[in-house]
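A, B, ... follow the sequence lines: proteins, then strands. Residue 1 opens every chain. Reckoned from all heavy atoms, side chains included, excluding hydrogens, waters and symmetry mates.
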2 protein chains.
Amino acid sequence: MSKEQEMDSRGNEGKKYRTPDGIPADIVMFTLTRQERKASTKSLPRFDLKVMLIRRRSWPFAGAWALPGGFSQEDESLFETARRELKEETGVDGSHLEYLGVYSKPGRDPRGWIISHAFFALVEEWVLEKRQSADDAQEVGLFTVKEALEELDLAFDHREILADAYLRIQQQMLHTTIAKQFLPPHFTLGELYQVIQTVVPDFAELNFIRKITSTRSRQGILEEVRDENGKPMLSNQYSQRPAQLYRFTDFTPQLSIYT
Amino acid sequence: MSKEQEMDSRGNEGKKYRTPDGIPADIVMFTLTRQERKASTKSLPRFDLKVMLIRRRSWPFAGAWALPGGFSQEDESLFETARRELKEETGVDGSHLEYLGVYSKPGRDPRGWIISHAFFALVEEWVLEKRQSADDAQEVGLFTVKEALEELDLAFDHREILADAYLRIQQQMLHTTIAKQFLPPHFTLGELYQVIQTVVPDFAELNFIRKITSTRSRQGILEEVRDENGKPMLSNQYSQRPAQLYRFTDFTPQLSIYT
DNA sequence: GGAATAGTGTCTGTTAGACAGTATTGG
DNA sequence: CCAATACTGTCTAACAGACACTATTCC
C-alpha cells in the first residue's frame with residue numbers, strides 16, 4: 001500500500017491503524033577514565049573507555065543492566081529527548097551528543113511495540129563519577145566497553161546497540177576530531193595518541209608526532225598553543241621533558257578512498 | 001523522569017502516555033541517468049544524479065512533490081518497512097538500501113505526531129524509468145537533485161531529508177565503494193571517474209587512473225578483469241581505444257585523519 | 001587526419017616507515 | 001645516573017601533482 005493511499009484511507013483523526021506504544025531514546029554514555037600508573041617518574045595515565053549503565057529494577061529484564069533512556073514526548077524532537085535525558089542523568093549540559101540509529105525489531109521489548117532511538121554521548125569522567133555516588137535512587141555502573149559487551153547480560157537489545165555505538169565511536173575517532181571531547185582544551189601529542197589508542201586499539205603510528213606536526217596534508221587539524229608573547233606553551237604534567245601543547249582547530253579534512 | 005520510573009508508572013497495558021500517530025519510512029531513491037552526448041566519435045555519456053518523487057494528491061501538501069514512503073507495521077522493523085516500500089515502488093528487490101536518520105521535529109506533519117525515518121536507496125536507471133511510465137495511479141517524477149533542492153516545493157520536511165541524503169551519499173561515495181551500485185559488474189576507470197564526479201562534483205584527480213592502478217596503498221579496492229585464459233578484458237564501448245575493465249573487490253580501506 | 005578516450009614518461013617535491021639517536025628533567 | 005617522555009636525524013622507497021607525450025581506433 002502506498003503512503004498516499006494509506007494516508008488517504010486513514011484520514012486525519014481516526015486511529016485506524018495500530019501505532020507504537022512508545023518511542024524512547026536510549027543513550028550510550030561513553031567516558032574515558034584515567035588512572036595513574038605507579039612509575040618511578042612522571043608518566044602518562046592509562047585510559048579506559050567506559051560506558052554508564054543502570055540496573056533495572058522492574059519487569060522486563062529486572063536486575064539486568066541497561067542503557068539509560070526515556071520516552072519521547074510529543075512536543076520534542078528525539079534529539080531533544082536525548083538531550084533532556086542526558087541532562088537528567090548527568091546533571092550536565094553541553095556534552096557531545098550524536099544520533100546512532102533506530103532499533104525496531106519486532107519483539108525487542110516485551111511490553112509492546114516500542115521503537116528505540118539510540119544516541120551516544122561523550123561525557124567527562126568527573127560527571128559520571130559524581131553521578132555514580134550521588135544517586136541512591138538507582139544503581140549506576142561504569143564498565144569498560146569490553147566488560148559490558150562480553151560479561152554483562154544487558155537488557156533488551158542493548159548489547160547490539162552498545163556494539164554498534166562502539167564501532168561508530170571508533171570510526172568517528174579516526175574520521176573526525178571528536179578526540180577533543182576527551183581532552184582538555186590544551187593537550188600534548190602524547191595525550192592525544194593515548195586517547196586515540198584507547199578508543200581504537202588497532203591504531204598504531206610509529207611516527208605519530210612527526211606526521212601530525214610536519215606533513216602539509218594534515219596541517220590545520222592541530223595548532224600549537226602559544227602565550228600572549230608568542231612563546232610556545234609547554235606542559236610537563238606527564239613527562240620530565242616538557243612537551244608542546246596543542247589544540248584542535250575547526251578544520252576536519254575530507255577523506256577519500258580514491259585519492 | 002527516568003526511563004525506569006516512566007516504565008513503572010506506565011505499567012504494561014495501560015496507555016497512560018500519548019504515543020505517536022504513525023511511524024513512516026521515507027525513501028530517497030537515487031539513480032544515475034546516462035545520456036549519450038552527440039560527438040563525432042564514441043564518447044562517455046554524461047551522468048545526472050536524480051531522485052524519484054511522487055506528487056501528493058491529498059491533504060496535507062496536496063499537489064506538492066514528496067518522497068515515496070509508507071507507514072511501518074507492528075510486525076516489521078523499520079528497515080523491513082523501507083525494503084517493502086522500495087519493492088512496492090520499484091517492483092525490484094535487492095537495491096542498495098541504507099538508513100539515513102530520524103525526523104521528529106514537532107509540527108513536521110500537520111496530521112499529528114508522526115516520526116519519519118529516512119532511508120536512501122540506489123536504484124538502477126531502468127527500474128525508475130519503467131516505474132515512471134507504467135504507473136498511472138500516481139504521478140511520478142525523476143528530478144536532478146539540484147532541481148529538486150532548488151526549484152521544487154517539497155512536502156513536509158522532505159527538502160531537509162533530501163539535503164541530508166545528498167550529503168550522505170557524497171560522503172559514502174568517497175568513503176566506501178557504493179560507486180559499484182551505479183556501475184555494471186565490469187567497468188572502465190573512465191566510467192568510475194564519471195560516476196564519482198557526478199555524485200561529488202568537487203572530486204578532481206588529474207592522475208586518477210595512475211593512482212588507482214599503481215599505488216600500493218589503494219591496491220585491493222579494484223582488480224583487473226581477465227578472461228578464462230588470463231588475458232585482460234577490454235571494452236571499447238565508450239572509446240576508440242579499448243580500455244581495461246575492472247571490478248570492485250570486497251575490500252574497503254579504513255580511512256583516518258591522523259595517518 | 002581528427003576526435004575522443006586511454007593510457008605512459010618524466011620530473012620535483014613530499015610523505016611513509018623504520019629505527020637510531022639526542023633532549024629534558026624529576027627523582 | 002635512571003627512567004620516562006619528547007622529540008630529531010637519516011635513509012629508502014613510495015606517492016602526489018603537474019604536464020607533456022604516446023597509443024588506439026573509428027569516423
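- Between A/Ile54 atom CD1 and A/Met29 atom CE the span is 7.0 Å, to the nearest 0.5 Å.
- The residues A/Glu98 and A/Arg168 are annotated as salt-bridged, a charged nitrogen and a carboxylate oxygen being separated by less than 4.0 angstrom.
- Smallest separation of non-hydrogen atoms from A/Thr198 and A/Leu49: CG2-N, 3.8 Å.
- The residue among B/Thr259 and B/Ala243 whose nearest nucleotide of DNA chain C is located toward the 5' end is B/Ala243.
- The pair A/Arg46-A/Asp48 meets the salt-bridge criterion, since a charged nitrogen lies less than 4.0 angstrom from a carboxylate oxygen.
- Atom-to-atom, CD1 of B/Ile257 to P of C/dT15 comes out at 16 Å; the value is rounded to the nearest Å.
- The CG atom of A/Leu86 sits 8.5 Å away from atom CE of A/Met52, with the distance rounded to the nearest 0.5 Å.
- Residue A/Asn236 comes nearest to A/Lys42 through the heavy atom pair O-NZ, 2.9 Å, listed as atom of the first residue, atom of the second, then distance.
- Side-chain atoms of B/Ile209 lie closest to C/dA6 of the nucleotides C/dA6, D/dA4, D/dC15.
- Between the NZ atom of B/Lys211 and the P atom of D/dA18 there is a distance of 9 Å, given to the nearest Å.
- Checked against the 6.0 Å centroid threshold, A/Phe182 and A/Phe47 do not count as a close aromatic pair.
- Going from atom CD of B/Glu205 over to atom C1' of D/dA16 covers 9 Å, rounded to whole Å.
- One can place CZ of B/Arg46 at 16 Å from P of C/dA4, the figure rounded to the nearest angstrom.
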### Message
Under the criterion salt bridge (Lys or Arg N to Asp or Glu O under 4.0 Å), I'd like the reasoning laid out for B/Arg34 against B/Glu191: C-alpha separation, chi angles, the key distance, then a yes or no.
### Response
CA-CA 11 Å; B/Arg34 333 189 148 212; B/Glu191 281 182 281; 3.5 Å; yes

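- A salt bridge is absent between A/Glu85 and A/Lys87: the closest approach of a Lys/Arg side-chain nitrogen to an acidic carboxylate oxygen does not fall below 4.0 angstrom.
- Listed by residue number, the members of residues 188-204 of chain A with any heavy atom below 4.0 angstrom from DNA chain C form an empty set.
- Rounded to an integer number of Å, the gap from CE of A/Met233 to C1' of D/dA6 is 18 Å.
- Rounded to a whole Å, the CD atom of A/Gln237 is 13 Å from the P atom of D/dT5.
- In this structure, A/Leu245 places its CG atom 13 Å from C1' of D/dA6, rounding to the nearest Å.
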#### Entry: Letter per nucleotide, 5' to 3', of nucleotides 19-27 of chain C [B base touched, S only sugar-phosphate touched, - untouched; heavy atoms, 4.0 Å]
B---BBBB-

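- The OH-C1' distance, from A/Tyr246 to D/dA6, rounds to 10 Å in whole Å.
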